[in-house]
2 protein chains.
Amino acid sequence: MVRYPDSLKVFVAIDCIIFGFDGKDLKLLLVKRKLEPESGNWSLMGGFLFPNEDLEEGASRILKDLTGLTNIYCEQLTVKGEKNRDPGSRTVSVVFFALIKIEESDQESVKNHNAFWIELDKRPSLIFDHNQMVLEAIDHLRYKAALHPIGFELLSETFTIPQLQKLYEAIYNVPIDRRNFSRKLLSTSLLIDTGMKNIHSTTKKATLYRLDKVRYNEKFHAFWNFMADAMK
Amino acid sequence: MVRYPDSLKVFVAIDCIIFGFDGKDLKLLLVKRKLEPESGNWSLMGGFLFPNEDLEEGASRILKDLTGLTNIYCEQLTVKGEKNRDPGSRTVSVVFFALIKIEESDQESVKNHNAFWIELDKRPSLIFDHNQMVLEAIDHLRYKAALHPIGFELLSETFTIPQLQKLYEAIYNVPIDRRNFSRKLLSTSLLIDTGMKNIHSTTKKATLYRLDKVRYNEKFHAFWNFMADAMK
DNA sequence: CCAAAAGTGTTGTGTATACACCCATGT
DNA sequence: ACATGGGTGTATACACAACACTTTTGG
């Protein structure tokens with residue numbers, strides 16, 4: 001077996017861009033670093049790839065460690081390998097894009113990592129090339145949510161159509177017609193009426209739906225048209 | 001500055017999935033390996049990331065080396081990091097997706113690398129996880145060509161609408177209505193009439209168009225609707 | 001009774017499809 | 001003249017956006 005020169009070897013890092021939605025604003029889960037390098041500065045949650053794990057396993061490990069959750073929507077977003085992106089040592093970073101249901105995450109665990117849910121529009125500047133990663137992630141969220149039903153990954157198990165609408169309005173920062181949005185969503189056959197109502201409302205109580213997971217999995221990769229015009 | 005343990009370091013490879021279109025069939029540019037490991041077997045064109053180059057530079061270098069071309073449509077497709085994907089040594093591979101105008105490539109250079117344009121449907125089994133990479137690339141081609149005007153990257157500078165149609169029929173393996181396809185493409189404002197005709201035709205000579213590159217660059221990331229229904 | 005939010009209905013406009021028909025070219 | 005392929009026209013169906021109206025709830 002041929003041996004390659006070890007001088008070609010580099011570190012492989014994993015960085016996670018973690019989105020959440022609190023019913024009003026889109027948020028990012030960011031870490032105020034306690035370790036060198038860049039101690040005290042803000043960054044994405046990350047770590048090095050371990051010798052005994054695949055890339056996706058590494059991302060799952062990091063996300064589980066931070067949030068306590070296992071079944072997180074998570075996909076590769078990009079790889080960053082610019083020569084001098086990490087001043088310490090040549091490091092290639094695999095960036096993952098994750099969507100979290102905030103209220104299901106372990107707030108204790110988040111606090112222990114010195115991590116905070118920060119409104120997207122109020123995020124601080126991040127270390128290295130993490131700012132650029134976040135910009136690409138926002139683009140990706142807008143892109144993907146227009147064509148595929150990923151919005152549900154940011155909501156609770158049960159949700160109302162007005163809640164879903166507020167989410168899309170936050171993602172695209174545009175007002176949406178309530179009536180057309182409702183009809184469009186109901187026509188997807190993705191929503192199952194739970195028979196319950198949102199008791200927290202002070203006016204007319206909205207119907208609580210849950211996702212039809214069978215149909216969701218079957219048709220996830222089809223092209224939907226949630227906000228396709230927002231990308232025009 | 002903190003030092004990380006060198007035991008975490010891995011090799012980073014670059015693999016390129018290179019599509020071409022000869023007017024009739026979609027093709028892949030594949031290499032019959034002359035070096036160990038896996039000498040004599042088929043693989044994607046690839047190499048290791050050099051210490052002095054960024055990822056995209058590495059991909060450009062490999063593509064230039066093989067085809068002689070510099071301005072190739074090329075984007076990151078995915079990263080493969082499965083623990084045992086390379087039996088030699090732990091290697092993370094960044095996979096690039098490239099679209100080539102076959103007739104503009106340097107056939108001598110291709111031949112010197114023992115590379116061959118092979119019809120997609122007749123491709124041999126490839127080494128390592130390269131088969132899986134190709135499957136994902138075909139999916140990506142179908143996905144992206146439905147929404148963005150990437151088909152032009154596979155055609156010559158000037159082309160006819162019937163040629164474009166044959167390309168889309170090859171990508172999606174479906175017949176397309178000539179008249180509706182023509183009107184749809186003309187309505188994009190992406191085509192500029194060159195005033196010339198395709199002299200190679202034995203019947204009525206089709207109009208030769210070229211791409212409006214200004215509009216192409218401006219609106220590339222908008223959502224088009226070339227074959228969106230093929231993904232439903 | 002009123003304000004605010006949820007839910008349903010209607011109508012016009014534009015886009016996509018399924019067709020029919022005409023034109024140009026070489027044999 | 002005729003077969004083959006290129007180019008244009010049109011009617012229909014369907015999806016979407018814009019708007020009006022009704023219902024529920026708490027105060």
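Below, chains carry the letters A, B, ... as their sequence lines are ordered, and counting in each starts from 1. Keep in mind it's a predicted model, so treat the numbers as computed, not measured.
- Listed by chain and residue number, B:D177 satisfy the salt bridge (Lys or Arg N to Asp or Glu O under 4.0 Å) test with B:R179 (two or more places apart in sequence, or in another chain).
- Put simply, B:N225 has a side-chain N or O that comes within less than 4.0 Å of OP1 or OP2 on C:dA16.
- Contacts with DNA chain C (heavy atom under 4.0 Å) in residues 147-185 of chain A: A:P162, A:R178, A:R179, A:R183, listed by number.
- Distance CG (A:L191) to P (C:dG7): 11 Å, rounded to an integer number of Å.
- Smallest separation of non-hydrogen atoms from A:G151 and A:L167: O-CD2, 3.3 Å.
- A distance-only check finds no donor-acceptor pair linking the side chain of B:D65 to the backbone of B:R61 [under 3.5 Å].
- Straight-line distance from the NE2 atom of A:H200 to the P atom of D:dT25: 16 Å, rounded to whole Å.
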Derivation and outcome, ring pair (Phe, Tyr, Trp, His ring centres under 6.0 Å), residues A:F159 and A:F152: CA-CA 9 Å; A:F159 53 85; A:F152 302 102; 5.3 Å; yes
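- In this structure, B:F223 atom CZ and C:dT15 atom P are separated by 18 Å, rounded to whole Å.
- Per the geometry, CG belonging to B:D229 stands 16 Å off P belonging to C:dT15, to the nearest Å.
- Atom pair A:K197:NZ and D:dT23:P shows a separation of 14 Å (rounding to whole Å applied).
- Within the 3.5 Å criterion, the main-chain N or O of B:V95 finds no donor-acceptor partner in the side chain of B:S93.
- In this structure, the CG atom of B:D193 is 16 Å from the P atom of D:dG6, given to the nearest Å.
- Residues from residues 202-212 of chain B lying near DNA chain C, meaning a heavy-atom separation below 4.0 Å, are B:T202, B:T203, B:K204, B:K205 in numerical order.
- A straight line from CG of B:N198 to C1' of C:dT25 spans 12 Å, rounded to a whole angstrom.
- Side-chain rings of B:H148 and A:Y143 approach one another, their centers coming within less than 6.0 Å.
- Closest heavy-atom contact between A:I14 and A:A59: CD1-N, 3.8 Å.
- Using cut-offs of 30° and 60° for the angle between ring planes, the B:F97 and B:F19 rings count as tilted.
- Ring pair A:Y168/A:Y172 is parallel by interplanar angle, where below 30° counts as parallel and above 60° as perpendicular.
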